[in-house]
K.L.:
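Input: one structure, supplied below.
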Amino acid sequence: MTQTENSYHYNVIRRAIEEIDAAGGEPLALDSLASKMDMSPAHFQRVFSRWVGVSPKRYQQFLTLGHAKALLADRFSTLDTAQSVGLSGQGRLHDLFLRWEAMSPGEYAKKGEGLTIYWGWFDSPFGASLVMGTERGICGIGFADETGVAETFEDLISRWPNATFIEDSMFLHPWVLAAYDTELGEDGKTPLHLIGSPLQIKVWEALLSIPSGHVTTYGQIAEKIGQPRAVRAVGTAVGRNPVSWLIPCHRALRKSGALGGYHWGLPVKRALLAWESAELEQERAG
């Protein structure tokens with residue numbers, strides 16, 4: 001799928017979320033939903049099948065606000081056993097083919113001083129994305145369709161204010177291709193360079209253990225890192241995750257099943273969870 005197609009398809013999904021919410025929980029027929037979006041039913045069907053591989057009717061169920069609660073009931077991961085759940089098959093690329101290393105606390109305290117960070121804009125299945133990386137791997141991914149291009153750029157560079165930033169999409173391209181292309185397999189390993197405080201690194205490492213298509217709670221993450229009373233601090237660390245999608249902060253929910261927040265906008269979080277649910281369903285069916 002081309003970058004232009006990816007962006008177009010995400011915008012269709014975002015509009016579909018708005019229409020589904022406006023319907024107040026009542027399922028919309030294919031013809032009705034397509035009509036609301038000024039598309040023919042046949043074209044609408046092709047867009048969904050091309051983007052995520054399931055029908056609009058099925059995907060509509062994944063996009064509803066109630067889907068998060070269903071995930072919490074049916075695909076809740078305690079994190080202690082998470083890595084043995086859902087990873088025996090092909091799984092998602094970023095679950096199986098990531099390698100990562102963390103910056104030392106001393107390096108982190110310098111706020112990027114002496115660090116060169118390359119950046120570039122790339123299309124993704126979830127709209128325009130800003131990717132940043134060092135010589136050691138990707139250190140930042142932000143989605144701009146909900147927050148805006150300028151705001152996304154300022155947000156990420158503010159994480160490491162003393163670093164030197166160089167625009168270089170070609171340097172990052174192989175890693176980005178591996179991150180967004182689910183068909184590259186083991187030939188496309190994506191390195192991550194985690195730049196954060198010791199607590200943040202622990203939280204992000206816990207997030208990496210949640211299988212695709214599954215979710216957990218902020219409380220479970222707090223228990224996983226040995227700080228069960230630090231749920232609020234864990235929530236803050238989840239929200240400060242700089243590498244969206246690859247470090248799956250979107251898989252963290254509130255205990256009630258509510259979505260909680262998402263740094264790049266809740267429509268993106270819902271699209272991410274729906275995408276992964278659809279992929280897991282296809283894998284199990286295949």
K.L.:
Does any part of the side chain of Val231, heavy atoms only, come nearer than 4.5 Å to the side chain of Thr217, both counted from C-beta?
P.N.:
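Counting from C-beta outward, Thr217 and Val231 never come under 4.5 Å.
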K.L.:
How far apart are the C-alpha atoms of Trp264 and Phe126, what are their side-chain angles, what is the distance that settles it, and do they pass the ring-ring contact (aromatic ring centres under 6.0 Å, His included) test?
P.N.:
CA-CA 11 Å; Trp264 308 112; Phe126 312 101; over 10 Å; no
K.L.:
If you measure from CZ on Arg229 to CD on Glu223, what distance do you get to the nearest 0.5 Å?
P.N.:
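One gets 11.5 Å once the value is rounded to the nearest 0.5 Å.
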K.L.:
Under the 3.5 angstrom rule, does the side chain of Ser244 hit a backbone N or O of Ile141 as a donor-acceptor pair?
P.N.:
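Flag set: sc Ser244 to bb Ile141 pair under 3.5 Å.
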K.L.:
Restricting to non-hydrogen atoms, name the atom on Arg240 and the atom on Trp204 that form the minimum distance, rounded to 0.1 Å.
P.N.:
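For Arg240 versus Trp204, the nearest heavy atoms are O-CZ2, 3.5 Å.
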K.L.:
Look only at the side chain of Asn162 and the backbone of Gly112, and say whether a donor-acceptor pair between them is shorter than 3.5 Å.
P.N.:
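It does not hold such a pair.
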K.L.:
Passes side chain to side chain contact (heavy atoms under 4.5 Å, CB included), Thr116 versus Glu135? Steps please.
P.N.:
CA-CA 8 Å; Thr116 298; Glu135 297 282 351; over 6 Å; no
K.L.:
Whether the side chain of Ser35 engages the backbone of Asp31 through a donor-acceptor N/O pair (distance < 3.5 Å, no angle test) should be reported.
P.N.:
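Between the backbone of Asp31 and the side chain of Ser35 there is no qualifying donor-acceptor contact (under 3.5 Å).
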K.L.:
Which heavy atom in Leu172 sits nearest to a heavy atom in Gly120, and how many Å separate them?
P.N.:
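Where Leu172 meets Gly120 most closely, the heavy atoms are CD1-N, 3.7 Å.
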K.L.:
List the steps and the verdict of side chain to side chain contact (heavy atoms under 4.5 Å, CB included) for Val12 and Phe44.
P.N.:
CA-CA 9 Å; Val12 169; Phe44 193 46; 3.9 Å; yes
K.L.:
Quick one: does Asp145's side chain get under 4.5 Å of Val268's, heavy atoms only?
P.N.:
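They are not in contact (no side-chain heavy atoms under 4.5 Å apart), so the answer is no.
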K.L.:
Looking at every heavy atom in both Ala258 and Leu253, which two are closest together, and how far apart are they?
P.N.:
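Answer, listing the atom of Ala258 first, then Leu253: O-CB, 3.7 Å.
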K.L.:
Measuring only between side-chain heavy atoms, which start at C-beta, is Tyr262 closer than 4.5 Å to Pro267?
P.N.:
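Tyr262 vs Pro267: side chains apart.
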K.L.:
Measure the spacing between OG of Ser197 and CD of Gln200 and express it to the nearest 0.5 Å.
P.N.:
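That separation rounds to 3.5 Å.
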K.L.:
Whether the side chain of His214 engages the backbone of Ser212 through a donor-acceptor N/O pair (distance < 3.5 Å, no angle test) should be reported.
P.N.:
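Pair found, side chain donor or acceptor close to backbone of Ser212.
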K.L.:
OG/Ser124 to CG/Leu272 distance, rounded to the nearest 0.5 angstrom?
P.N.:
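Rounded to the nearest 0.5 Å, the OG-CG separation comes out at 8.5 Å.
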K.L.:
Please tell me if the side chains of His250 and Trp245 come closer than 4.5 Å, counting only heavy atoms from C-beta onward.
P.N.:
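Yes, side chains in contact.
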K.L.:
I need the Leu115 CG to Trp160 CH2 distance, nearest 0.5 Å.
P.N.:
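If I round to the nearest 0.5 Å, the distance is 9.0 Å.
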K.L.:
Is there a donor-acceptor contact under 3.5 Å from the side chain of Lys269 to the main chain of Gly261?
P.N.:
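Answer holds: yes.
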K.L.:
Would you sort out whether Tyr180 and Val131 count as a side chain to side chain contact (heavy atoms under 4.5 Å, CB included), showing the intermediate values?
P.N.:
CA-CA 12 Å; Tyr180 292 154; Val131 181; 4.2 Å; yes
K.L.:
So which atom in Thr134 and which in Ile195 form the shortest heavy-atom distance, rounded to 0.1 Å?
P.N.:
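So the minimum-distance heavy-atom pair works out to CG2-CD1, 4.4 Å.
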K.L.:
Could you tell me the separation between the CZ atom of Arg251 and the CG atom of Leu208, rounded to the nearest 0.5 Å?
P.N.:
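The CZ atom of Arg251 sits 9.0 Å away from the CG atom of Leu208.
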K.L.:
Which heavy atom in Leu207 sits nearest to a heavy atom in Ala252, and how many Å separate them?
P.N.:
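In terms of heavy atoms, the two residues are closest at CD2-CB, 4.3 Å.
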K.L.:
If you look only at distance, which donor and acceptor atoms sit under 3.5 Å apart when one is on a side chain in residues 147-157 and the other is two or more places apart or in another chain?
P.N.:
unit_1: Thr147; atom_1: OG1; unit_2: Phe143; atom_2: O; d: 3.3
unit_1: Thr147; atom_1: OG1; unit_2: Thr152; atom_2: OG1; d: 2.8
unit_1: Thr152; atom_1: OG1; unit_2: Gly148; atom_2: O; d: 2.7
unit_1: Asp155; atom_1: OD1; unit_2: Arg159; atom_2: NE; d: 3.1
unit_1: Asp155; atom_1: OD1; unit_2: Arg159; atom_2: NH2; d: 2.8
unit_1: Asp155; atom_1: OD1; unit_2: His263; atom_2: NE2; d: 3.4
unit_1: Asp155; atom_1: OD2; unit_2: His263; atom_2: NE2; d: 2.5

K.L.:
For Glu107 and Lys110: C-alpha separation, side-chain torsions, deciding distance, then whether side chain to side chain contact (heavy atoms under 4.5 Å, CB included) applies.
P.N.:
CA-CA 5 Å; Glu107 289 176 310; Lys110 295 179 180 179; 5.6 Å; no
K.L.:
Using side-chain heavy atoms (C-beta onward) and a distance below 4.5 Å, is Val234 in contact with Gln227?
P.N.:
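Answer no - side chains too far apart.
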K.L.:
State the OG1-CD distance between Thr164 and Glu113, to the nearest 0.5 angstrom.
P.N.:
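That separation rounds to 9.5 Å.
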K.L.:
Over all heavy atoms of both residues, which pair between Arg15 and Asp38 is shortest? Give the atoms and the distance, please.
P.N.:
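So the two residues come closest at NH2-N, 4.3 Å.
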